[in-house]
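Throughout, a chain's letter reflects where its sequence line sits, starting with A, and its residues are numbered from 1.
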Amino acid sequence: MSTRIPCSFFRRPAKEVAQKIIGSHLIFQPTRDLKYRVKIVETEAYVGAQDLACHASKGRTNRTSTMYLPGGVAYIYFVYGMYHMFNIVTGPKDHPEAVLIRAGECLSHPDLDLSGPGKFTRELGLDRAWNSKSLCSKSLYFRRGTLPLKISKSARIGVAYAGAWAPRKLRFFDPASDAVS
DNA sequence: GCATCGATGGTG
DNA sequence: ACCATCGATGCA
């Protein structure tokens, strides 16, 4: 009974992945003795080069090249001089879309506070070393979880500069979770 | 509660 | 100069 999510799942639009991934579990095993299991409770979709909030709207650069890979790899970048952001690349090759993971509940280590995208990566130790790595590997993959009763939507956080794209409801979260940022 | 602000460094 | 953030501070 495998409930692992296959890489093919991610080769669809970011807006779909962002919603379907809520309630699923990220399994992350950075070392032999350490294995995290995290329920995803908040996401945002960045939907391609036309999306003014998406890094790929500036074109293909060294940083954004990861987003042009086929869906199913991690896009991890550094912001504000101290935080990393963890994204799932989605869609087929050369469709630069991604889903930002904004918050989770750590089921294996309940004391960890994963209530925000910067805290999520900091607490789990996800940094640029994992950029472009597969999300369907032994040490890093998703499992199907329990569907939330409801998924709420809102505008994305911190993208006021994105013009007509700023107010679009591309942030998704489980309103029943205390970990939502 | 909420608004504001500094930290800190990669990116284009 | 800007930034897909956080935590501290000030004031209510």
message: Ignoring hydrogens, what is the shortest heavy-atom contact between A:P96 and A:A49? Give both atom names and the distance.
response: CG-N, 4.0 Å
field: Contact interval (first through last nucleotide) of DNA chain B with protein chain A, 4.0 Å heavy-atom
entry: B:dA7 to B:dG12
Inter- and intrachain pairs under disulfide bond (SG atoms under 2.5 Å apart), touching [range], at least two apart:
range: residues 38-72 of chain A; answer: none
range: residues 60-90 of chain A; answer: none
range: residues 56-140 of chain A; answer: A:C7-A:C136

Could you tell me whether [X] contacts a base, only the sugar-phosphate backbone, or nothing, with contacts defined as non-hydrogen atoms closer than 4.0 Å?
X: A:K119; answer: sugar-phosphate
X: A:G81; answer: base
X: A:T61; answer: sugar-phosphate
X: A:F78; answer: sugar-phosphate
X: A:M85; answer: sugar-phosphate

May I ask you to list the residues sharing a hydrophobic cluster with [X], side-chain cutoff 4.5 Å, ordered by chain and number?
X: A:V180; answer: A:V41, A:F173
X: A:L147; answer: none
X: A:I22; answer: A:I151, A:F172

query: Taking CZ from A:R156 and P from C:dT5, how many angstroms apart are they, rounded to a whole number?
result: 12 Å
field: Nearest-angstrom distance from the residue atom CZ of A:F86 to C1' of C:dT5
entry: 17 Å
message: Among residues 159-176 of chain A, which ones have heavy-atom contacts with DNA chain C below 4.0 Å?
response: A:V159, A:Y161
- prompt: Under a 4.0 Å heavy-atom cut-off, which of residues 97-105 of chain A touch DNA chain C?
  reply: A:L100, A:R102
- prompt: What residues, two or more places apart in sequence or in another chain, satisfy side-chain contact (heavy atoms from CB on, under 4.5 Å) together with A:P13?
  reply: A:E16, A:E97
Check: A:E105 side chain, A:V38 main-chain N or O, donor-acceptor pair, under 3.5 Å: no
message: Would the distance check show the side chain of A:T3 and the main-chain N or O of A:G145 forming a donor-acceptor pair, the cut-off being under 3.5 Å?
response: no
- prompt: Does the side chain of A:I40 reach to within under 4.5 Å of the side chain of A:I101, using non-hydrogen atoms?
  reply: yes
field: Min side-chain heavy-atom separation A:Y36-A:P30 under 4.5 Å
entry: yes
message: Please determine whether a side-chain nitrogen of the Lys or Arg among A:R156 and A:D51 lies less than 4.0 Å from a carboxylate oxygen of the Asp or Glu.
response: yes
statement: Stem ranges of DNA chain B by first residue number, counting only runs of at least 3 Watson-Crick or G-U pairs under 3.5 Å, come to B:1-7 with C:5-11, B:9-11 with C:1-3
task: Report yes if a donor N or O on one partner sits less than 3.5 Å from an acceptor N or O on the other, where the partners are the side chain of A:Y77 and the base of C:dA4; otherwise report no.
output: yes
- prompt: Quick one: ring pair (Phe, Tyr, Trp, His ring centres under 6.0 Å) pairs with a partner in residues 120-150 of chain A, sequence neighbours left out?
  reply: A:F10-A:F142, A:F28-A:W130
message: Which is more 5' along DNA chain B, the nucleotide nearest A:R128 or the one nearest A:M82? Just name the residue.
response: A:M82
field: Short side-chain N/O contact to C:dT5 OP1/OP2 from A:Y83, under 4.0 Å
entry: no
